[in-house]
Amino acid sequence: MSMEVIDKAQTKHENGKRHQSLSLFIALFLALTMFATKTYAQIIGEMEANIPFQFYAGNAKLPPGKYVIHVLDDSDLTIMEISSADGRTSALFSVRPAEAKSNPAKGELIFNKYENRYFLAELFDEGNPSGSRVEESRYEKRISKAAAETQEHVPVHHRARQGTSGS
């Protein structure tokens, strides 16, 4: 009889653990769906732009020229790289989600302009209001306090991959 009581108690304990685990799983699932962070579209592939002025991307100062921009693999869409087309110059910069007021008719880079200094501020892909905002550097924060801001828009297009036709 005492074995029967022990078996019943052990079964009750195991059922309680299963119930507790199931409850925890359900609570976790609900929390993740209720408080899910907003995801944003990734810029697919490489974008090219001809930037006609000297500019800053993150902490790097870059000369005018043709550039290729892409999201770094395994960066959770938070780090991008901009490289000169000839590969001589490149910079990494941090980004966060940004929303355009409407679907951009064409891909574009948006620069904040303070007097004669340009800072890469946002990137948008054609037809997608979800893009990326560049984290301001300390230098841009300091400059922005001293000068009025305007913006400059530079069109971009997707770079064709080797062996495929691109737009």
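Residues passing the side chain to side chain donor-acceptor pair (under 3.5 Å) test with E81 are H70, sequence neighbours excluded. Every residue meeting the side-chain contact (heavy atoms from CB on, under 4.5 Å) condition with P129, not counting sequence neighbours, appears here in chain and number order: E99, A100, N103. With sequence neighbours left out, the ring pair (Phe, Tyr, Trp, His ring centres under 6.0 Å) criterion links F55 to Y67, F111. Considering only residues two or more places apart in sequence or on other chains, V156 meets the side-chain contact (heavy atoms from CB on, under 4.5 Å) condition with M47, A49, L109. For the side-chain contact (heavy atoms from CB on, under 4.5 Å) test, residues two or more places apart in sequence or in another chain that qualify with A91 are A60, L62, I82. For N116, there are no side-chain contact (heavy atoms from CB on, under 4.5 Å) partners, not counting sequence neighbours. E115 meets the side chain to side chain donor-acceptor pair (under 3.5 Å) test with no other residue; sequence neighbours excluded. Partners of S84 according to the side chain to side chain donor-acceptor pair (under 3.5 Å) rule, which considers only residues two or more places apart in sequence or in another chain, are D86.
If you take OG on S132 and CD1 on I69, they are separated by 11.0 Å, rounding to the nearest 0.5 Å. To the nearest 0.5 Å, atom CG of residue N112 and atom CD of residue Q151 are 5.5 Å apart. The CZ atom of R88 sits 13.5 Å away from atom OG of S83, with the distance rounded to the nearest 0.5 Å.
Between E48 and H158 the shortest side-chain heavy-atom distance does not fall below 4.5 Å. P155 is not listed as a side-chain neighbour of E108, based on a closest heavy-atom distance of 4.5 Å or more. Y118 places none of its side-chain heavy atoms less than 4.5 Å from the side chain of Q54. Taking 4.5 Å as the limit, every side-chain heavy atom of I51 sits out of range of all side-chain heavy atoms of P64.
Grouping Ile, Leu, Val, Met, Phe, Trp and Tyr residues whose side-chain heavy atoms lie under 4.5 Å apart, directly or via other members, places Y139 in a hydrophobic cluster with Y56, Y114, F119, I143. Other cluster members for L72: I79, L92, joined by side-chain heavy-atom distances under 4.5 Å among Ile, Leu, Val, Met, Phe, Trp and Tyr.
Sorted by first and then second residue, the salt bridge (charged side-chain N to carboxylate O under 4.0 Å, His left out) pairs with a member in residues 126-141 read R96-E135, E122-R133; sequence neighbours excluded.
With hydrogens and angles ignored, the 3.5 Å screen pairs no side-chain donor or acceptor of D76 with any backbone N or O of T78.
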Report task. Apply side-chain contact (heavy atoms from CB on, under 4.5 Å) to L123 and M80, showing your working. Result -> CA-CA 10 Å; L123 304 93; M80 295 189 81; 4.0 Å; yes
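For the pair P104 and N128, the tightest heavy-atom approach, listed with the atom from each and the gap, is CD-O, 3.3 Å.
Connection of F124 to V68 is not established within any shared hydrophobic cluster, with ILVMFWY side chains joined at heavy-atom distances below 4.5 Å, either directly or through further cluster members.
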